[in-house]
Visitor: 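Pasting a structure here, questions to come.
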Protein chains: 2
Amino acid sequence: MPEVDDLADRRRLVLESAARVLAEDGPHGLSLRRISADAGGSTQLVYTLFGGKPGLADALYSEGFRRLGEAMRNGLRAAPPAGDPDRIAAIGGAYVGFAKQEPAFFSVMFGRAIPGFTPARGTTALGRECTYGQLVAEVQACLDAGTLVASSADQLARLCWLTVHGLASLEGAGMLSADDAFVEQVLRTPLEAHRPRG
Amino acid sequence: MPEVDDLADRRRLVLESAARVLAEDGPHGLSLRRISADAGGSTQLVYTLFGGKPGLADALYSEGFRRLGEAMRNGLRAAPPAGDPDRIAAIGGAYVGFAKQEPAFFSVMFGRAIPGFTPARGTTALGRECTYGQLVAEVQACLDAGTLVASSADQLARLCWLTVHGLASLEGAGMLSADDAFVEQVLRTPLEAHRPRG
DNA sequence: ACGGTGTCATAACACTGTTATACATCGGAC
DNA sequence: GTCCGATGTATAACAGTGTTATGACACCGT
């Protein structure tokens with residue numbers, strides 16, 4: 001079945017063009033004509049491959065989460081083995097690094113930066129799985145190892161996530177300037193609060 | 001000088017129309033023709049009063065922070081007197097309440113929801129003063145009263161702000177569901193970490 | 001009364017997403 | 001080999017957007 005591979009390849013090609021345009025000109029520059037020109041075709045490309053701009057926005061949204069998940073995995077590569085809370089801090093560091101390095105993607109994923117687009121419920125769930133899923137697994141490992149204490153892995157993971165996300169979001173909005181020491185303190189706060197003993 | 005009052009009144013009227021359209025149709029429905037029609041005039045209104053859509057976006061952005069600051073003050077009305085950390089939790093509760101009640105404003109303020117618009121540096125500083133300023137004052141009062149301990153009021157206030165903001169942002173993005181108990185836990189976390197004694 | 005200033009509505013421009021239409025290309029049937 | 005249907009593409013047109021230029025009108029100081 002070479003046809004479906006061909007179709008997938010064309011989808012990937014247009015998606016990469018869209019990602020390139022997004023990185024270069026920001027969400028405002030994401031026009032179908034600009035993307036099509038970058039991909040070397042006509043506007044119809046987006047309609048045959050994605051069914052329109054919302055479809056492409058959905059694909060771009062998912063791609064953003066895929067890249068964020070990849071960045072989180074990379075941040076984990078130089079971290080201590082599972083069960084060490086430092087792994088959670090490492091994930092958080094990768095998270096803020098991604099937000100700073102790919103602000104346009106970050107806006108599309110969390111900020112309604114594409115005018116008409118709101119991600120479908122299933123798409124948000126999929127994106128959460130790629131990223132938040134890693135965090136839950138690491139938190140669970142720490143709970144199992146006894147290096148952290150919480151009523152549930154999900155609860156503590158949500159706390160860690162929103163803490164790091166708040167830092168990344170406010171910094172991206174130009175509302176907050178954070179040096180490395182402050183970032184470190186932020187990453188540690190939800191962990192210190194769930195150390196064993198108390 | 002009745003003229004300048006008249007001009008300010010017209011600005012306020014158009015701004016209220018814009019806020020109404022924003023609340024009804026979301027950021028995507030914010031078109032100059034729609035706003036002008038709601039205000040009972042022509043597109044030129046926005047150009048004579050605000051110099052174009054970016055100018056109106058800037059005013060709308062500031063208005064959002066004004067309303068958020070007002071919501072925070074209202075949340076403080078039933079709180080204990082200054083120096084009690086519960087006041088900070090009350091501010092946080094008002095913050096997430098505003099984000100839930102005015103998601104369109106919240107997107108404009110923190111999510112780049114108006115296509116071409118990025119707030120000017122001075123505008124962000126002004127908005128931060130209306131909202132973050134309150135938080136810093138309350139944190140400073142707690143430090144003075146000895147009910148909280150931190151190296152600086154600014155550092156702890158930033159920590160509280162980003163924590164609450166992360167919760168509001170992720171919830172608004174459909175990424176996280178938080179019941180009242182979880183919200184309470186989130187609000188308490190940065191405060192517990194800075195209790196005296198340790 | 002007059003000229004100047006400023007505000008208004010209208011119309012036009014370039015741009016956007018979307019849709020309809022026509023053209024080209026391909027794979028199979030007879 | 002020749003047709004046929006189907007599919008993908010490019011072009012052009014549509015309604016909508018922000019913006020700008022144009023002309024009409026009211027107001028104000030001289």
Side-chain angles (χ1 to χ4, degrees), chain A residues 1-15 17-18 20-22 24-61 104 107-108 112-120, chain B residues 1-15 17-18 20-22 24-61 104 107-108 112-120:
Chain A
M1 64 232 3
E3 299 163 359
V4 350
D5 274 45
D6 200 14
L7 187 138
D9 283 353
R10 277 180 300 171
R11 280 178 61 103
R12 174 175 300 268
L13 193 130
V14 172
L15 189 58
S17 287
R20 189 160 39 237
V21 172
L22 178 63
E24 286 177 3
D25 296 3
H28 185 51
L30 259 187
S31 77
L32 297 192
R33 287 167 176 84
R34 176 101 169 72
I35 297 169
S36 310
D38 187 286
S42 174
T43 317
Q44 285 300 100
L45 258 180
V46 178
Y47 284 86
T48 62
L49 296 179
F50 298 96
K53 187 167 189 183
L56 183 134
D58 215 70
L60 211 48
Y61 177 90
S107 297
V108 169
R112 308 189 183 287
I114 298 182
F117 168 68
T118 318
Chain B
M1 62 219 25
E3 298 162 1
V4 349
D5 275 43
D6 200 15
L7 187 139
D9 283 354
R10 277 180 299 171
R11 278 177 63 102
R12 174 175 300 268
L13 193 130
V14 172
L15 189 59
S17 287
R20 191 161 35 237
V21 172
L22 178 62
E24 287 177 3
D25 296 3
H28 185 52
L30 259 188
S31 76
L32 297 192
R33 287 166 177 83
R34 175 102 169 72
I35 296 169
S36 309
D38 187 287
S42 175
T43 317
Q44 285 299 99
L45 259 180
V46 179
Y47 285 87
T48 61
L49 296 178
F50 297 95
K53 189 167 189 183
L56 182 134
D58 215 70
L60 211 48
Y61 177 90
S107 297
V108 169
R112 307 189 183 286
I114 298 183
F117 168 68
T118 317

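Chain identifiers are assigned alphabetically (A, B, ...) following the order of the sequence lines, protein sequences preceding nucleic acid strands; residue numbering begins at 1 within each chain. This structure is a prediction, so every number in the text was calculated from the model and none was measured.
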Visitor: Looking only at non-hydrogen atoms, find the nearest pair between A:F50 and A:V14 and report the distance.
Guide: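 Between these two residues, the closest heavy atoms are CE1-CG1, 3.8 Å.
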Visitor: Mind calculating the distance between CZ (B:F50) and C1' (D:dT19) to the nearest angstrom?
Guide: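 Between C1' of D:dT19 and CZ of B:F50: 17 Å.
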Visitor: From C-beta outward on A:T43, which listed nucleotide comes closest to its side chain: C:dC8, D:dT9, C:dT18?
Guide: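 Looking only at heavy atoms from C-beta outward on A:T43, the closest nucleotide is C:dT18.
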Visitor: Find the distance B:F117:CZ to D:dT19:P and express it as a whole number of Å.
Guide: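 About 13 Å, once rounded to whole Å.
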Visitor: Is the distance from OP1 or OP2 of C:dC8 to the nearest side-chain N or O of B:R10 less than 4.0 Å?
Guide: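 Checking C:dC8 against B:R10, a side-chain N or O does come within under 4.0 Å of OP1 or OP2.
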Visitor: Checking all strands, does B:T48 fall into the base, sugar-phosphate, or nothing category for heavy-atom contacts under 4.0 angstrom?
Guide: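 Sugar-phosphate contact only - B:T48 comes under 4.0 Å of backbone atoms but never of a base.
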Visitor: Test for a donor-acceptor pair under 3.5 Å between the base of D:dG16 and the side chain of B:R33, counting only N and O atoms.
Guide: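 A donor-acceptor contact between them is absent.
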Visitor: Roughly how many Å is it from NE2 in A:H28 to C1' in C:dT16, rounded to a whole number?
Guide: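 Computing the A:H28:NE2 to C:dT16:C1' distance gives 10 Å.
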Visitor: Calculate, to the nearest 0.5 Å, the distance between atoms CG and CG belonging to A:L45 and A:L13 respectively.
Guide: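 If we round to the nearest 0.5 Å, A:L45:CG and A:L13:CG are 8.5 Å apart.
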Visitor: Rounded to the Å, how far apart are A:I35 CD1 and C:dC15 P?
Guide: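 It works out to 17 Å between those atoms.
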Visitor: With sugar-phosphate meaning primed atoms plus P, OP1 and OP2, does A:G41 contact a base, only sugar-phosphate, or nothing at under 4.0 Å between heavy atoms?
Guide: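 The answer is sugar-phosphate, as A:G41 gets under 4.0 Å only of primed atoms, P, OP1 or OP2.
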Visitor: What do the steps show when you test B:L30 against B:D25 for side-chain contact (heavy atoms from CB on, under 4.5 Å), and what is the final call?
Guide: CA-CA 7 Å; B:L30 259 188; B:D25 296 3; over 6 Å; no
Visitor: Tell me: CD of A:Q44 to P of C:dT21, nearest whole Å?
Guide: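 The answer, rounded to whole Å, is 13 Å.
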Visitor: Could you pull out the closest heavy-atom pair between A:P119 and A:D58, with the gap in Å?
Guide: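 Closest pair (atom of A:P119, atom of A:D58, distance): CA-OD1, 4.0 Å.
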Visitor: Under 4.0 Å, counting only non-hydrogen atoms across every strand here, what does B:L30 touch: a base, just sugar-phosphate, or nothing?
Guide: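 It contacts sugar-phosphate atoms only.
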Visitor: Has B:K53 got a side-chain atom pairing as donor or acceptor with B:I114's backbone, closer than 3.5 angstrom?
Guide: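 A pair under 3.5 Å: no.
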Visitor: So B:P115, base contact, sugar-phosphate only, or nothing? Heavy-atom distance under 4.0 Å.
Guide: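 No contact at all - B:P115 keeps every heavy atom at 4.0 Å or more from the nucleic acid.
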Visitor: For B:L49 and C:dT7, what is the distance between atoms CG and C1' respectively, to the nearest whole Å?
Guide: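 Rounding to the nearest Å, CG of B:L49 and C1' of C:dT7 are 9 Å apart.
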Visitor: Please report the distance, rounded to the nearest Å, between CZ in B:R34 and P in D:dA15.
Guide: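 Checked: the CZ to P distance equals 20 Å.
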Visitor: Can you identify which nucleotide, out of D:dT9, C:dT19, D:dG18, has its nearest atom closest to the B:L32 side chain?
Guide: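 Within the option list, the nearest is D:dG18.
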Visitor: Considering every strand and a 4.0 Å limit on heavy-atom distances, what is the contact class for A:S42: base, sugar-phosphate, or nothing?
Guide: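 The residue A:S42 makes base contact.
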Visitor: Using OP1 and OP2 only, check whether a side-chain N or O of B:Y47 sits under 4.0 Å from D:dT19.
Guide: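 Yes, B:Y47 has a side-chain N/O under 4.0 Å of OP1/OP2 on D:dT19.
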Visitor: Give the rounded distance in Å between these two atoms: NZ of B:K53 and P of D:dG16.
Guide: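 Interatomic distance, NZ of B:K53 to P of D:dG16: 16 Å.
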